[in-house]
Amino acid sequence: MRHWRHGRGGLARSALALAALCSALETARAGVMAVGKLQSCVNDGTTPNTSLTCSQKIVVTVELENNKIYETEQLNFGVSCVNSPTDTCPCPCNYATDPTCACRDLKQNITVAATKSAVYARYPLTFYKYMNGRPYEDIIVGSRCSDAWFDAGATCGFAKDVNRQDIMDSQGFCCGCPVINLGGSAGITRANLDCGLFNLKKSAHCLRWDDNWWYIAFTIGEYLMDFRVNLDIATRSTNATTNITTTTREVLEVTPVQPFQRDSSRRISAKLLGDLESYQQAPQLDGKYLFIPWKNGEDPQQAYTGHFEEWMVVDPAMVTTTGLECDKIGVSYSGFRNSQPNACTTPAGSCLKNQLVDLWNQDMTRIHLQGKDPLYMVGRYGGGADNYRNQLNATANSRGSLDFFLSFPITAIKTSLMTLTVAADDVQFVVSRSPASIENVQVCTFDGQFCGGFESLATRGYLLVDVKNTGYVPADYTVTVVNCTQGIRPIVAQRASIMSQSSRRFQFDIYMETDQATNSSCSVLVRDSLGDSAASKAFYFYTNATNYGTVPDQSDLGGKVTGPGNGSGSDSDWCKAVCPGVYNVKCAAAKGCTMQLAKGIAAIVGPAIGLGALLVAWRSGYLSILFRLLSLLFCRPAAPAAAQARDMMAGLRNFMINPLAVPAPEPVSYPPPAFYPESMPPTPHHAAYAAPFGYPSPYYSPLPPQQQGMPAAGGWPAPAAGGSPLLALPPPGGMMPPSAYSPPLPAPQLPASPVLPSPLARPMLLPPPVRTQQGQRLPAQQQQPQQTGRQVRALGPAAGAPVGATSAPPGAGASGVPASSAAVADVQQRLQQIQQQRLLVQQARQQGLAAPGRPGAPLPSAHGPAPAAAKPHAGPS
């Protein structure tokens with residue numbers, strides 16, 4: 001614990017000492033902020049018995065600005081005696097005769113001179129990786145191209161890693177002439193291939209690296225202030241007895257890392273309190289990338305200590321960390337191969353823009369041709385060749401490796417506060433003062449490319465002021481820029497120390513706050529260490545008006561649409577020019593060309609739908625019908641084919657009405673049966689029932705009723721009680737007895753429809769009539785049974801079916817749906833039964849078993865002998 005108190009000599013002696021100090025520091029109050037003479041006591045706790053040790057101290061608080069590199073100020077402390085028991089000099093006891101006297105009379109002077117280096121913003125660096133600054137594309141044109149991963153003979157070949165393994169996607173990609181654009185215009189392909197019907201070339205596109213443009217990439221962290229304060233302590237002692245003078249020197253270094261130091265004699269201690277806020281802050285570079293060029297054949301040390309003007313600081317948004325993003329620094333083989341959606345229709349070199357070589361050329365153009373500041377060069381932030389000593393430091397750490405950090409100077413005034421505590425009787429503050437002159441003042445652009453002026457708002461001007469110390473002692477000078485005309489942003493002052501008979505260049509940034517062309521002026525004022533004006537000089541410079549550029553002069557389209565949504569439709573000339581080709585649907589969707597997008601989709605989907613429809617028609621059999629219909633429509637049919645054309649048109653019409661229904665055949669007149677059994681006399685009900693449909697009744701005969709065993713008039717007897725007056729049909733496998741027939745009734749009015757309304761209607765196949773060449777019908781004996789494809793309807797269920805069974809409408813199953821394969825088989829079986837019955841009838845006629853006009857004869861059946869026929873009624877009683 002340290003205590004401060006006044007000395008035992010009383011307040012009077014302290015007041016006199018302070019008055020002397022104030023008188024000495026009256027002319028140097030700019031460097032010393034406070035001074036005091038106190039008695040410092042220390043309560044030592046190293047032993048259980050604490051003791052309080054006191055001594056007289058002088059405490060001085062000083063301020064130190066940056067760039068104070070010379071000893072322009074010093075503090076002189078005087079010591080008359082030491083270890084005086086009364087804190088007074090000379091010693092109150094005689095140490096020559098009194099062995100217990102620890103006081104010594106001295107004549108000692110202690111001089112402390114403080115210097116401060118330039119202040120730097122120190123940024124930590126983290127190595128990221130090597131990056132190439134100039135990737136480029138090689139193109140190989142030929143009749144063959146291969147870019148398969150497993151093809152060892154890939155056209156571009158494969159790059160190798162450190163293990164001599166193939167690098168994925170280093171084989172590039174292949175392009176060819178598009179099939180749709182055969183013979184298209186030049187430029188439709190990446191390699192400008194001459195595409196034609198007989199000239200189908202291919203091109204291989206390979207990514208390559210320029211060996212002269214490799215960079216070491218670092219990421220930049222947050223900065224801290226870096227500076228050093230050196231205290232040069234010189235002690236000169238004169239022995240009072242021998243009158244011999246000796247001088248000793250010692251240097252204490254105080255930094256933000258070690259803010260407290262003490263000399264070897266333990267009489268002087270220095271403590272760094274902190275910094276006052278500056279008027280200008282350091283650039284914010286954390287998160288950005290630093291690119292240091294590594295020339296071919298150089299070692300890392302040469303790369304770190306040279307080419308400072310080529311170092312670049314790049315925003316992280318311009319660098320890809322995955323390598324999969326096109327047009328960014330660090331693009332990889334995979335990005336070049338896989339990240340281009342329309343790789344074969346874009347110009348060569350796509351995906352390889354915005355590289356370090358492009359940024360370098362852009363900065364060179366701005367500096368040397370336009371007189372503007374660079375955008376990426378490290379000199380933009382105060383680095384470059386003028387800062388080569390401290391721009392990048394590589395120092396060995398405890399691990400034996402190198403620590404890298406980037407440093408940029410802070411030109412604005414940066415003041416540090418420090419406290420000196422000295423065991424002395426008095427102190428004297430000495431300030432060096434020297435005259436100065438201004439040798440040169442000029443305004444230039446970056447790197448001194450153009451002098452005299454610059455462009456307003458587009459860049460900044462650099463004011464260069466050369467100040468010379470014309471005196472013979474080092475001194476501090478403050479340079480300010482004052483009395484500027486309107487439109488100039490205030491300029492922050494700078495301070496530095498200059499050696500005697502030496503010069504120093506001060507550089508200021510001039511920013512304009514107007515976009516107009518001006519003739520501006522300012523004055524440079526130099527003040528010495530005491531604040532007096534040492535030199536001044538006015539200067540003039542011009543600024544050009546800000547060049548905002550010009551709006552492009554668009555071509556005159558003559559009233560045509562110049563964009564989507566501004567004309568009669570989106571498929572305008574603009575859409576056709578921006579998205580050429582009907583198949584470029586992606587571009588049409590991106591540009592809002594809806595009509596062109598619809599055309600492209602229709603051109604792609606339409607053929608596929610057409611092919612699918614043709615396939616379905618071919619599988620269902622309608623394709624052959626369509627071809628026949630087209631041949632009948634466009635080809636002149638022969639006379640016999642006219643009926644077939646009518647049949648086909650009728651079938652097509654019915655198909656359009658009900659595609660699931662079976663087409664009805666054309667009505668055909670069939671010959672009447674040759675004879676009728678006695679048990680089945682014909683009745684007009686049968687003819688009336690079948691007549692509306694164009695089919696003859698199978699029981700109808702043109703013979704008179706008497707010849708058929710029927711009464712001529714009077715009709716049939718009335719049915720039994722409970723009998724039905726409706727038409728009765730014969731049961732399957734036999735004939736209906738006469739008693740089951742109803743008396744004659746009027747013919748029912750049936751609908752003229754090809755589909756029978758009765759559930760008993762059943763499809764039946766009958767042979768067509770056989771005619772001679774003269775058109776006459778052959779006798780029934782000469783007609784051979786033949787199978788036909790015509791489908792007609794007949795009354796009654798199929799032969800052999802159980803009594804009471806009914807049949808579905810034509811072309812339908814049991815549930816009324818279209819006929820299935822079972823229905824088709826049933827029809828074929830019915831046809832075979834009819835043919836067998838006709839054969840049996842013919843055999844019976846030949847054997848004389850039955851003859852026309854003989855009623856009551858048994859009817860042969862394919863299922864066995866016919867049942868006994870019932871005799872007809874004689875008529876009503």
Side-chain angles (χ1 to χ4, degrees), residues 127-141 145-149 154-175 187 189-192 202-219 288-298 300 303 307 310-365 374-378:
F127 173 74
Y128 178 54
K129 66 178 180 180
Y130 294 108
M131 287 187 177
N132 192 269
R134 186 180 175 271
Y136 62 95
E137 177 180 351
D138 274 341
I139 301 177
I140 303 174
V141 179
C145 181
S146 174
D147 59 357
W149 169 250
T155 306
C156 291
F158 290 90
K160 306 292 182 180
D161 58 13
V162 293
N163 298 322
R164 305 306 300 168
Q165 299 295 324
D166 293 344
I167 298 178
M168 179 65 71
D169 296 327
S170 61
Q171 72 272 24
F173 59 90
C174 294
C175 293
T189 61
R190 190 181 185 104
N192 294 331
K202 296 183 178 180
S203 59
H205 303 267
C206 319
L207 177 61
R208 292 292 184 265
W209 313 109
D210 192 334
D211 291 335
N212 295 322
W213 284 84
W214 284 102
Y215 280 80
I216 308 172
F218 293 91
T219 56
K288 296 181 181 294
Y289 288 90
L290 172 66
F291 289 93
I292 299 177
W294 192 336
K295 303 296 183 180
N296 191 12
E298 291 183 345
H307 318 294
E310 298 181 16
W311 295 11
M312 288 189 287
V313 177
V314 180
D315 192 86
M318 306 180 67
V319 180
T320 171
T321 57
T322 61
L324 301 179
E325 299 177 79
C326 282
D327 298 328
K328 287 189 176 183
I329 301 170
V331 63
S332 64
Y333 289 111
S334 298
F336 177 74
R337 174 179 167 85
N338 303 322
S339 298
Q340 303 185 62
N342 300 312
C344 292
T345 57
T346 54
S350 298
C351 193
L352 302 179
K353 298 180 176 61
N354 301 325
Q355 301 299 315
L356 290 173
V357 63
D358 302 320
L359 307 186
W360 164 261
N361 292 331
Q362 184 179 354
D363 273 359
M364 291 297 100
T365 302
L375 298 177
Y376 310 102
M377 295 297 177
V378 72

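Every heavy atom of this structure was used, including side-chain atoms; hydrogens, water molecules and symmetry mates were not. Values in this document were obtained by computation on a predicted structure and should not be read as measured data.
A 4.5 Å side-chain heavy-atom check between Tyr333 and Met168 finds every atom pair outside the cut-off. Between Lys295 and Trp214, every side-chain heavy-atom pair lies at or beyond the 4.5 Å cut-off. Taking 4.5 Å as the limit, every side-chain heavy atom of Lys328 sits out of range of all side-chain heavy atoms of Cys326. For the pair Trp360 and Tyr376, the minimum side-chain heavy-atom distance is 4.5 Å or more. Taking 4.5 Å as the limit, some side-chain heavy atom of Ile329 sits within range of a side-chain heavy atom of Leu359. Looking at Met318 and Gln355, their side chains never come closer than 4.5 Å, going by heavy atoms from C-beta outward. At least one side-chain heavy atom of Ile216 sits less than 4.5 Å from a side-chain heavy atom of Tyr130. Ser203 is not listed as a side-chain neighbour of Arg190, based on a closest heavy-atom distance of 4.5 Å or more.
Judged by distance alone, with hydrogens and angles left aside, the side-chain atoms of Asp327 form a donor-acceptor pair with the main-chain N or O of Leu352 at under 3.5 Å. Within the 3.5 Å criterion, the main-chain N or O of Ala154 finds no donor-acceptor partner in the side chain of Gln171. Proximity of a side-chain donor or acceptor of Asn132 to a complementary backbone N or O of Asp210 within less than 3.5 Å is detected. Although no hydrogens or angles enter the test, the distance criterion places no donor-acceptor pair under 3.5 Å between the side chain of Asn296 and the main chain of Asn212. A donor-acceptor pair under 3.5 Å links the side-chain atoms of Thr365 to the main chain of Asn361, judged by distance alone. Using modelled atom types, one side-chain atom of Arg337 and one backbone atom of Gly172 make a donor-acceptor pair closer than 3.5 Å. When atom types are taken as modelled, the side chain of Asp161 and the backbone of Arg164 share a donor-acceptor pair closer than 3.5 angstrom.
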Chi angles and distances behind the disulfide bond (SG atoms under 2.5 Å apart) call for Cys145, Cys175
CA-CA 8 Å; Cys145 181; Cys175 293; over 6 Å; no

Please walk me through it: do Leu207 and Glu137 pass side-chain contact (heavy atoms from CB on, under 4.5 Å)?
CA-CA 5 Å; Leu207 177 61; Glu137 177 180 351; 6.0 Å; no

Under the side chain to side chain donor-acceptor pair (under 3.5 Å) rule, what do Asn338 and Asp169 come out as? Steps first, then yes or no, please.
CA-CA 8 Å; Asn338 303 322; Asp169 296 327; 3.1 Å; yes

Under the criterion salt bridge (charged side-chain N to carboxylate O under 4.0 Å, His left out), I'd like the reasoning laid out for Asp358 against Lys353: C-alpha separation, chi angles, the key distance, then a yes or no.
CA-CA 7 Å; Asp358 302 320; Lys353 298 180 176 61; over 6 Å; no

Check step by step if side-chain contact (heavy atoms from CB on, under 4.5 Å) holds for Thr155 and Asp147.
CA-CA 7 Å; Thr155 306; Asp147 59 357; over 6 Å; no

Hey, mind stepping through Cys174 and Lys202 against side-chain contact (heavy atoms from CB on, under 4.5 Å) and telling me if it holds?
CA-CA 7 Å; Cys174 294; Lys202 296 183 178 180; 5.9 Å; no

side-chain contact (heavy atoms from CB on, under 4.5 Å) between Val331 and Glu325, worked out
CA-CA 6 Å; Val331 63; Glu325 299 177 79; over 6 Å; no

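Taking both residues in full, the closest heavy atoms of Met131 and Val319 are given as CE-CG1, 3.7 Å, listed atom of the first, atom of the second, then distance. Taking all atoms of both residues into account, the shortest heavy-atom contact from Pro293 to Trp311 is CD-CD1, 3.5 Å. Contact detail for Pro135 and Trp209: the closest heavy-atom pair is CB-CZ3, 3.4 Å.
A cation-pi arrangement is present between Arg134 and Tyr136 under the rule of less than 6.0 angstrom and at most 45 degrees off the ring axis.
Ring geometry, Phe173 versus Phe336: the interplanar angle falls from 30° to 60°, so the pair is classed tilted.
The aromatic ring centroids of Tyr289 and Tyr128 lie less than 6.0 Å from each other.
Between Ile292 atom CD1 and Phe127 atom CZ the span is 10.5 Å, to the nearest 0.5 Å. Separation of atoms CD1 (Ile167) and NZ (Lys160) is listed at 9.0 Å; rounding is to 0.5 Å. Ile140 contributes atom CD1, which lies 10.0 Å from atom NE2 of His205 (distance to the nearest 0.5 angstrom).
Not a single ring pair (Phe, Tyr, Trp, His ring centres under 6.0 Å) links Phe291 to another residue, sequence neighbours left out.
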